[in-house]
Structures are given as C-alpha cells and as structure tokens.
There are 2 protein chains.
Amino acid sequence: METQDLKKAGLKVTHPRMKILEILERAPEHHLTAEDIYRKLLEEGEQIGLATIYRVLTQFEAAGLVNRLHFEGGQAVFELDRGTHHDHMVCSRTGRVVEFYDEIIEKRQQEIAKAHGFRIRDHSLILYGEFIDDESASES
Amino acid sequence: METQDLKKAGLKVTHPRMKILEILERAPEHHLTAEDIYRKLLEEGEQIGLATIYRVLTQFEAAGLVNRLHFEGGQAVFELDRGTHHDHMVCSRTGRVVEFYDEIIEKRQQEIAKAHGFRIRDHSLILYGEFIDDESASES
DNA sequence: TGCGATTATGAGAAAGATTCTCAATTTTTT
DNA sequence: AAAAAATTGAGAATCTTTCTCATAATCGCA
Ligand SMILES: [Zn+2]
Ligand SMILES: [Zn+2]
Ligand SMILES: [Zn+2]
Ligand SMILES: [Zn+2]
C-alpha cells in the first residue's frame, strides 16, 4: 500500500502523488524522466500536468522517496529509492541502464574524501559505453 | 603557443577560438560554464557571442581539447583536457572543485564492466559534499 | 600580397527542460 | 457541511543550449 509511503514521508495523500509513485514502482526500466512519467500517465488515462510531476518528484526527492540522477544529455532521470545505494552503467547505443554496487569503490571514496578533508553528502558514478551483447543488432 | 593546439586538432585558427582557449588556460578555477567564459571574455573587452562559445566548446570537446562535465545543477562545465584523467569533488557550500585520481577505483570500474560485458567509453565520478575547512564561514 | 572558395561568427530566434504563478480544486480540520 | 489549508493544472516564464542565416574572417593559391 503506497499511501503509507506518502504519509510516512510527511506528504499528504493525493491522487497525483499516488499515481506517480505507482508508475515509478511498476516501470520495468526503473529509471524515468519526468516526461516518461507524464506519457505513461497519459496512456493510463490520467491527466496530470507536467508541472505537477516535476513538483511532486522534487518533493519525493526531498522526502527520500526517489533519487534524481544526472546522466549526460540534460534530462534528469528519477528512480524509486529502494533503500540500497547503487551506481549506474548506461549503454549509449540502447539507453539500457544497469545498476551495480561495489564495496571497494565505496570505501575508496570515503578514504579519498577523508584525505582531502571532505565530507561526502552524496555521489554519482556513471559508466558510459556499450554492452557487448547489444553489439549484434546494429542499426543502419 | 595555442595556435598549434588548434591546428593540430584540425581546427582553423580564429580569434574566438584562440580567446576561448586562452580563458580556459588562464582560469584558476579550471572548471567553467559557457556563461563563465562569456562573462570573462566580455570583461576583457572581447565581444564573442554565446552561441559561438557553445559551438566552439563542442568542437573542442570533439577534438579532445576540452572535457564537458555534468555536475548537478543543469549547467554543463568545461575544462581543458590536460592529458590526465581525473574525477571530481564538489563543495556544495562554496562550489569549490577539487580533482583526484585513484588507481584502485579506476581499476575496479574496468573489472565491474568486464563482469557485465560492458565496454566503458567514458565515466563520471563526482563526490558532492563539503570541505571541513570551509566550515568556519557559515552564512546566516 | 590579393582573390575567391570555404568556413566561422554573431544576433536573435527556436528548442528543450524545468520552475513559477495563480485561479480552481481537493484535502484536511473544525 | 463549511472553512481553512494545501495541492493541482495550464500556461507563462526562465534557463540553458542549439539553430538559422546574413555577414565576416580565414586559408590556399595565383
Ligand atoms: Zn556509489
Ligand atoms: Zn538506479
Ligand atoms: Zn575516473
Ligand atoms: Zn577537472
């Protein structure tokens, strides 16, 4: 039940907020732009304004319900915060996103920060490239 | 002599390109937005259009002369490519950017990619937080 | 050095992404 | 149910970046 998530986050339970959460929960890609969410809602007959989507996503982010990612290409991408941190690998060819978590890298980041007198609040590690598998299907 | 850099990159030597290169070379911050460059040029009496700056930076990037970074906040940041790869630490308070390079992290990235059948073309690692030093000067 | 072909520039328009404004609607409280 | 408070939707506004196209600068060659 998602209403609990919203209440727990100190946000009032409204129809747009519920629907946006639902989309984020159900999307198999996991990583969606505000426009993606807007289109998916339209497809389901929900007429929720784009401004509301951006507004709600920002509230969700502040509440720790979603994470905002900055892949190259300008548009921000959002994903549900599933409680476990991870980083990303993005295929330039297909746009496919794969998540990974590496203890060694996470630990090194802390060590590097400490050595520089820096307190890490957040970080972003993104690998750009291609999956060898996707190599077969080449487009003209 | 910067004209060599341009010629080597297969770019014609024009006044705007030279000036933009100069600004990038002289800036102590090293990391500048297109607007930053635009303002610095204006201050020096150079009247170069913002469109030209974006255009030239994109050409420089394609030629490997500069790198484009995507810090959070939308605006792209550019820096001269000094031949050695490095990653970034950004202070949310002051905007200060510190560079670092860690062999262990670089190596782990390759290992992770290999394990996923992924060929890395590029990557971006950014640590966001604060420098403990900068803590003294608190605002409001 | 001077010309002409080619390429680059500048200004403003245009596009893309995100935020803002505010009247109307929905939620919550009384 | 009514009043008070918060949220929404539509479009305007803003911000960053790209595009268009007439003008200007660059480069190879005579
Ligand atoms: Zn991480
Ligand atoms: Zn993710
Ligand atoms: Zn690196
Ligand atoms: Zn740098």
Side-chain angles (χ1 to χ4, degrees), chain A residues 2-23 31-42 44-63 65-78 95, chain B residues 1-23 31-42 44-63 65-79 95:
Chain A
E2 305 89 8
T3 70
Q4 300 315 317
D5 298 334
L6 290 175
K7 283 184 179 159
K8 228 183 294 177
L11 291 170
K12 284 179 180 160
V13 179
T14 69
H15 183 69
R17 285 176 183 158
M18 294 271 285
K19 285 300 173 189
I20 293 170
L21 249 196
E22 269 181 48
I23 291 290
H31 304 85
L32 303 175
T33 65
E35 284 274 0
D36 287 339
I37 296 172
Y38 180 66
R39 268 185 289 97
K40 279 171 187 275
L41 285 169
L42 274 187
E44 299 192 3
E46 298 290 339
Q47 195 185 316
I48 294 176
L50 193 51
T52 298
I53 294 173
Y54 274 107
R55 207 188 293 125
V56 167
L57 285 171
T58 299
Q59 294 162 344
F60 282 3
E61 185 189 21
L65 288 176
V66 310
N67 294 123
R68 183 192 306 251
L69 306 174
H70 298 273
F71 292 166
E72 54 184 18
Q75 269 154 113
V77 172
F78 300 84
Chain B
M1 192 87 286
E2 305 90 8
T3 69
Q4 300 316 317
D5 298 334
L6 290 175
K7 282 184 181 160
K8 227 181 298 175
L11 292 171
K12 282 181 182 161
V13 178
T14 68
H15 184 69
R17 285 177 183 159
M18 293 271 285
K19 286 301 171 187
I20 293 170
L21 249 195
E22 270 181 48
I23 291 290
H31 304 83
L32 303 175
T33 65
E35 283 274 359
D36 287 339
I37 296 172
Y38 180 66
R39 269 184 288 99
K40 278 173 187 276
L41 284 170
L42 274 186
E44 298 190 6
E46 298 291 341
Q47 195 185 315
I48 295 175
L50 192 52
T52 299
I53 294 174
Y54 274 106
R55 207 189 294 126
V56 167
L57 286 171
T58 299
Q59 295 162 342
F60 283 3
E61 185 189 20
L65 288 176
V66 309
N67 294 122
R68 182 192 306 252
L69 307 173
H70 298 275
F71 292 166
E72 56 184 15
Q75 268 153 113
V77 172
F78 300 85
E79 70 175 330

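All chains are named by letter (A, B, ...) in the order of the sequence lines, taking the proteins before the strands, and each is independently numbered beginning at 1.
- Counting non-hydrogen atoms under 4.0 angstrom, Ala76(A) reaches the backbone sugars and phosphates but no base.
- For the helix from dT1(C)-dA30(D) to dT30(C)-dA1(D), the axis fitted to the five pairs at one end and the axis fitted to the five pairs at the other end meet at an angle of 30° (nearest 10 degrees).
- Inter-residue side-chain proximity for Ile23(A) and Glu46(A) is flagged as unmet; no heavy-atom pair is nearer than 4.5 Å.
- Distance CD (Gln75(B)) to C1' (dT18(D)): 16 Å, rounded to an integer number of Å.
- The structure places CD1 of Ile37(A) at 14.0 Å from NZ of Lys19(A), a figure rounded to the nearest 0.5 Å.
- A sub-4.0 Å separation between OP1 or OP2 of dT19(C) and a side-chain N or O of Tyr54(A) is absent.
- Taking His31(B) as the reference, Glu79(B), His88(B), Glu99(B) meet the side chain to side chain donor-acceptor pair (under 3.5 Å) condition, with sequence neighbours excluded.
- At whole-Å resolution of the value, CD in Glu46(A) and C1' in dT7(D) are 16 Å apart.
- Heavy-atom minimum distance, His70(A) versus Gly73(B): CE1-N, 4.3 Å.
- Contact check for Val56(A) versus Ile48(A): no side-chain heavy atoms found under the 4.5 Å cut-off.
- Across the protein-nucleic acid pair, Ile20(A) atom CD1 and dG9(D) atom C1' stand 12 Å apart, rounded to whole Å.
- Nearest heavy-atom pair across Leu65(A) and Ala9(A) is CD1-CB, 4.0 Å.
- Protein atom CD of Glu72(B) is 15 Å distant from nucleotide atom C1' of dT18(C), rounded to whole Å.
- Projected onto DNA chain D by closest heavy-atom contact, Leu50(B) and Arg17(A) fall at different nucleotides, the more 5' of which corresponds to Arg17(A).
- Under the side chain to side chain donor-acceptor pair (under 3.5 Å) criterion, Thr33(A) pairs with Asp36(A), not counting sequence neighbours.
- Legend: residues meeting side chain to side chain donor-acceptor pair (under 3.5 Å) with Glu44(A), ordered by chain and number and at least two apart, are Arg26(A).
- Taking CZ of Phe78(B) as the start and OH of Tyr54(B) as the end, the distance is 7.0 Å to the nearest 0.5 Å.
- Distance, Leu57(A) CG to dG9(D) C1': 16 Å, rounded to whole Å.
- Put simply, CD on Glu35(A) is 13 Å from C1' on dA15(C), counting in whole angstrom units.
- For the pair Thr33(B) and Ile53(A), nearest-nucleotide mapping onto DNA chain D gives the more 5' position to Ile53(A).
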Nucleotide N/O of nucleotides 10-12 of chain D paired with protein N/O under 3.5 Å:
{"from": "dA10(D)", "atom 1": "OP1", "to": "Gln47(A)", "atom 2": "NE2", "distance (Å)": "2.8"}

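- Looking at Arg17(B), its side chain does come within 3.5 Å of a backbone N or O of Lys12(B) through a donor-acceptor pair.
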Task: Nucleotide-resolved protein contact map, nucleotides 25-30 of chain C, B/S/- at heavy-atom distance under 4.0 Å - done: ---S--
Task: Criterion side chain to side chain contact (heavy atoms under 4.5 Å, CB included) on Leu57(B) and Arg68(B), from CA distance to verdict - done: CA-CA 9 Å; Leu57(B) 286 171; Arg68(B) 182 192 306 252; 5.6 Å; no
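- Between the CD atom of Glu61(A) and the P atom of dT18(C) there is a distance of 12 Å, given to the nearest Å.
- Rounding to the nearest 0.5 Å places CG of Asp5(A) at 9.5 Å from CE of Met18(A).
- Distance, Lys19(B) NZ to dA25(D) P: 16 Å, rounded to whole Å.
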